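Before any comments, here is the structure.
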Amino acid sequence: MTNQVIYSEFHTKSFGVTFKVEPILSYKSKFQQIALYDTESHGKLLTLDGCVMVTEKDEFIYHDMITHLPIYTHTNPKKVLIIGGGDGGTAREVLRHSSIKSVDMVEIDEEVVKVAREYLPTMSCSLDDERLNLYFEDGVEWVKNKVEEYDIIIIDSTDPVDIGEGLFTKEFYTNAKNALKEGGILVNQSESPFCTPEWVSNIYKKLNEVFPTVKTYMSNTPSYPAIWSFGLCFKEETKSINFDESRYKDENLEFDYYNCDIHKGAFALPSFVKKLIK
Ligand code: AG3
């Protein structure tokens, strides 16, 4: 790398993550500032409005957790809706499951997909899968008129500010719940309990108002604000959370992060997180 500069994202007012980078591109789409960098330590790094979305080195952690966990929790998942996820990593992992017959991916910003297709082939590699329908539309609008269409809805969004905000409202959650079939599960990325506890409390307050059962699980993607949470929301009240161990064994897929122990252990929450989401 020759023209190295420093890129930082601040996770709080005075603490954050820093990479030595070589800028590849940066431009404003209709929706947001898209930037791509090369890094020695993490391969390609994609940011939207200055926030880290993915790095080639650790995207597998987040993408495993936002996909395989709901897919093996659902008893018979066939049709999936992904909202956001323009880099393609979530679609790539969902489509590894032979049980999944059809995926609608609704990404608001076509430019993110263009950048991913050109520069992030290891993430965008499944975007031409014939089971995937890709729409460049607003996910908030998409769910408004959908009734009982999806087994799983995955919200792979940016933070709850600017264009991301609409995907964290009670109205959106209500419409998304209606778009779920019986037995349906919605999962969203629900931010960092350590860096933005107020966001996390707010998200769970709304999720709990809409869904009869909401469970939180966690993992750590080092390029993101410390420790990351996900909200697993059930359309119907669900007392014991299923883990389809036999499908997991039959499919025999190899994941770099996710496995049976991670699935079970991810729901173990630190006390301060339990308090936040109560
Ligand atoms: N989606 C969640 C990223 C949120 C990160 N927030 C931040 N860096 N402040 C990432 C998209 C991956 N497909």
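Keep in mind it's a predicted model, so treat the numbers as computed, not measured. Both counts, for ligands and for their atoms, begin at 1 and track the order of listing.
- Contacts between H11 and ligand 1 below 4.0 angstrom, taking non-hydrogen atoms only, are absent altogether.
- For Y258 and H263, the ring centers sit closer than 6.0 Å to each other.
- Under the 3.5 Å distance criterion, with hydrogens and angles disregarded, a donor-acceptor pair is assigned to the side chains of Y27 and E111.
- Between W228 and ligand 1, no N or O atom pair is found at a separation short of 3.5 Å.
- Defined by atom type and a distance below 3.5 Å, a donor-acceptor pair is missing between the side-chain atoms of T216 and S229.
- Annotation for ligand 1: atoms under 4.0 Å from non-hydrogen atoms of D156 are 1 (N), 10 (C), 11 (C), 12 (C), 13 (N).
- Side chains of Y204 and S190: a donor on one and an acceptor on the other come within 3.5 Å.
- Between F60 and the options D256, T221, V54, a side-chain contact (heavy atoms from CB on, under 4.5 Å) holds for only D256.
- Every heavy atom of G89 sits 4.0 Å or more from the atoms of ligand 1.
- In terms of N/O distances under 3.5 Å, ligand 1 is not approached by T90.
- At a 3.5 angstrom cut-off on N or O pairs, V52 counts as close to ligand 1.
- Atom 6 (N) of ligand 1 has as its closest protein heavy atom D159 OD1, 2.9 Å.
- Taking all heavy atoms of C51, G16, S157 into account, the minimum distance to atom 1 (N) of ligand 1 is reached by S157.
- At a 4.0 Å cut-off, not a single heavy atom of T158 sits close enough to ligand 1 to count as contact.
- Residues N242 and T73 bring no donor and acceptor atom of their side chains to less than 3.5 Å of each other.
- A pairwise comparison of heavy atoms in V106 and E137 identifies CG1-O, 3.3 Å as the closest pair.
- By the 4.0 Å heavy-atom criterion, H63 is counted among the residues contacting ligand 1.
- Contact annotation: for F10 versus ligand 1, there are no heavy atoms closer than 4.0 Å.
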